[in-house]
Amino acid sequence: MKRVAALYLPDWPIERLRQAEPPAAPPDPGEPAGIDALRTGAIAEQGIACSVPRGGGWRPGARWARQDHGAAPPARIERERQIAALPAHQRPPTRELGRRDEAAGNPFHPMQSDEVGKQIPAGRPDRPFTPQSPPPPRAEPGATVTSIRQGNRILVAAASPAARAIGILPGMAVTQARAMVPGLDVRPADPQGDRAALDRLATLAARRWAPGVAVEGADTLLIDLSGVAHLYGGEAAMAHRILRLLARHGHGARIAVADTPGAAWAIAHYGGNRLSLCAPGDHAAALAPLPIAALRVDPAEIELLRRLGIDRIGALAGLPRAPLRRRFGGTLVTRLEQALGTLAEPIDPVVPRDPIRVQRRFAEPIGTAEAIAHWIAALAPELCAVLEGAGLGARLIELVAERVDGVPQEIRIGLARASRDPMHLLRLIARRIETIEPGFGIDAITLHVRRADPLAAEPFDARLDAATTPDLAPLADMLATRVGPRRLWRIRPAESDVPERSVARDGVLDPPRLASGRRRMDDVRQLDTRDPPDPWRPDWPRPVRLLHRPERLDHVLAELPDQPPRRFTWRGRTIRVARADGPERIAGEWWKRAAETHAMRDYFRVEDEEGRRYWLFRRGDGERAATGDLSWYLHGLFG
């Protein structure tokens, strides 16, 4: 009998964000966990009550300073441990402990309401009772949401369990969520990255758990357990093992096992249990109390059924199918029949891609460079034939030469663009053959494709007079094998007035980008006419290459506040200025660094008596000390 498990990951986007964050420091094992909240409140109040911060600094004569370097006395630790062990309703008020953490009342009394003007509380006959709205809930430590733009609105894409407990749900406007909960942690959503990570998990599950694994939606995997559950000790043992494995990696999940994929999906999403095992043949009874939304149908159909008084699958299953099909179409009836098992629902499994490699073993070990080159030349066409059959092009190839003594020799070559040209690959590998140490001989040579990209057939222009653009990929690959791939890059403009931030590195063969970051794909497609042109460009001429770090100038003779230098010393050589142009004033980017709030630079283009031109600047505007210390630096050379 067919058995299907639905693995539901409700917090997949949030958990991926937490995995990307650096791990937090572990708490002190010698201090109880309940004391942290008490000390945090005391430190926060001390910081507010006085202009001098008393919570974190050393103060001569303080009570804690007269003890062991800030360690709390044993009596206080024992008292706070007893208080932390009490239930919340039995703990003494904080004002009895010498501090307060509740908000102070409004010093201005509100006007008396007509409805409650006669309600006088006991013991306070002089002050009317005015009901006040409760303060908005504060964000919990784990309250995190992701935001996504839909049209002109920014909505909540996913919410953590702490955020959902406060009342923030997916689909809510981010502005509304921030108004409800001050200090909410909002992160940008990454649907493509979440789906790619889920696909990788499906591939791993297909390799380790069961061959039939399919991705359903954005947070669910369907696993066909037919014929594989007994290998793990049964369905329950296999499900517990999957849950433990995901929990070790920081993922919370729910699993439901049923006879049909639709039933397993419905029970996993709406069953509420961490592990649900539906006995064979009992899936119809398990589906009866679930809502209509568990059938994966359109929300409009769910709303219409609710108006008709049908909100459970059991009530819907008792209705005749012909009126339902005429009224709601075939989707609702198809989903219902698939969940009940009367209509088959095939699973489109994820097929893990086998690693691409070609290998040649030798009867006798080889050890000369000529023999190694000969066999590499024989393996390269075979590798390219396998890549062509898969529709791929190699981006990273690794050659492994297995020696007799068991010490492998490895050569890795990267390509700037996907390729399956055997001659090009052979030329790249042949340049690195001298790095192989054969030792007592090589038993086998293997070519592995570590990374590949799709590569289909490309059209070409057969006209003889057609203008062709030279392909720079072979040149980039050849240079990368000599100097290394990290030393090859293309500079692109960045939207910044600060010179050292106005350029950024880009890939050698990547399409040029505008200063704002948008790709310029004029050679592939025309840009949308609705896209605004990139307005940023420097107004003053600048050197093509800047110094890695501005070098300080000595013995500068210049007239303040805005005159160019007449003479300066650079690298021990005195330079006299014949001509100059400037200043070009550049202010600091205060939105990036607080230290640049008042910082300014005055740039000058100067030319010496021999015709060499320099680009130098002075820190400060020459009038206010907060803008800079009036030191001079050389930042680049013209020509």
Side-chain angles (χ1 to χ4, degrees), residues 472 475-476 479 482-484 486-506 508 512-516 520 534-593 595-639:
L472 299 180
L475 176 61
L479 294 176
R482 295 184 177 181
V483 302
R486 295 187 178 182
R487 297 185 180 181
L488 295 178
W489 71 87
R490 171 188 290 176
I491 61 174
R492 62 174 177 86
E495 192 170 358
S496 177
D497 289 326
V498 179
E500 57 266 25
R501 301 174 187 165
S502 61
V503 293
R505 291 189 178 187
D506 212 345
V508 179
R513 287 194 289 182
L514 304 175
S516 58
R520 187 186 298 273
D534 202 32
W536 183 87
R537 64 178 57 185
D539 297 331
W540 291 65
R542 296 183 177 181
V544 178
R545 294 292 300 273
L546 302 178
L547 298 180
H548 180 67
R549 183 175 298 175
E551 299 183 8
R552 183 157 184 166
L553 303 178
D554 300 324
H555 308 293
V556 181
L557 180 62
E559 183 180 354
L560 293 178
D562 54 0
Q563 294 298 320
R566 301 296 182 182
R567 183 188 62 195
F568 60 90
T569 302
W570 175 54
R571 294 182 179 179
R573 185 168 59 92
T574 301
I575 300 174
R576 297 183 181 274
V577 177
R579 301 174 184 83
D581 186 13
E584 175 192 0
R585 179 158 296 176
I586 297 178
E589 296 177 343
W590 51 267
W591 58 92
K592 292 183 178 180
R593 295 180 56 190
E596 299 181 12
T597 303
H598 303 286
M600 288 188 180
R601 295 181 186 177
D602 284 346
Y603 278 85
F604 296 88
R605 290 182 297 150
V606 300
E607 183 179 343
D608 61 4
E609 297 175 348
E610 299 179 0
R612 290 186 290 264
R613 294 186 297 168
Y614 308 88
W615 200 48
L616 45 86
F617 69 91
R618 180 190 62 210
R619 296 178 56 182
D621 57 1
E623 298 179 355
R624 295 175 298 167
T627 59
D629 56 358
L630 303 182
S631 56
W632 290 82
Y633 295 86
L634 182 67
H635 206 166
L637 301 172
F638 289 95

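What you are looking at is a predicted structure, and each value in this text was computed from that prediction instead of being measured.
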Within this structure, what is the [atom1]-[atom2] distance for the pair [X] and [Y], rounded to the nearest 0.5 Å?
X	Y	atom1	atom2	answer
E589	R501	CD	CZ	5.0 Å
F617	D602	CZ	CG	10.5 Å
E596	W591	CD	CH2	8.5 Å
S502	L546	OG	CG	6.5 Å
E607	D581	CD	CG	11.0 Å

Return each pair, listed once, that meets side-chain hydrogen bond (donor to acceptor under 3.5 Å, both in side chains) where at least one residue sits in residues 559-572; pairs must be two or more places apart or across chains.
E551-W570, E551-R571
Acceptor/donor pairs from residues 625-637 side chains to any protein atom, 3.5 angstrom cut, sequence neighbours excluded:
{"from": "T627", "atom 1": "OG1", "to": "D621", "atom 2": "N", "distance (Å)": "3.1"}
{"from": "T627", "atom 1": "OG1", "to": "D621", "atom 2": "OD1", "distance (Å)": "2.9"}
{"from": "T627", "atom 1": "OG1", "to": "R624", "atom 2": "O", "distance (Å)": "2.7"}
{"from": "D629", "atom 1": "OD1", "to": "S631", "atom 2": "N", "distance (Å)": "3.3"}
{"from": "D629", "atom 1": "OD1", "to": "S631", "atom 2": "OG", "distance (Å)": "2.8"}
{"from": "S631", "atom 1": "OG", "to": "Y633", "atom 2": "OH", "distance (Å)": "3.4"}
{"from": "H635", "atom 1": "ND1", "to": "Y603", "atom 2": "OH", "distance (Å)": "3.0"}

Residue pair [X] / [Y]: nearest heavy atoms and the distance that separates them:
X	Y	answer
A587	V498	O-CG2, 4.4 Å
F604	P583	CZ-CB, 3.4 Å
P564	A558	O-CB, 3.9 Å
P499	W615	CG-CH2, 3.6 Å
G622	P561	O-CB, 4.2 Å

Close side-chain approach of L553 to P565, heavy-atom, < 4.5 Å
no
List the steps and the verdict of side-chain contact (heavy atoms from CB on, under 4.5 Å) for L560 and R618.
CA-CA 11 Å; L560 293 178; R618 180 190 62 210; 3.6 Å; yes
Neighbour count above 12 (heavy atom, 6.0 Å) for [X] [atom1]:
X	atom1	result
R573	CZ	yes
R612	CZ	yes
R585	CZ	yes

Could you tell me whether the side chain of R579 and the main chain of R613 form a donor-acceptor pair under 3.5 Å?
no
Salt bridge (charged side-chain N to carboxylate O under 4.0 Å, His left out) between E500 and R601: does it pass, once the steps are laid out?
CA-CA 13 Å; E500 57 266 25; R601 295 181 186 177; 3.0 Å; yes
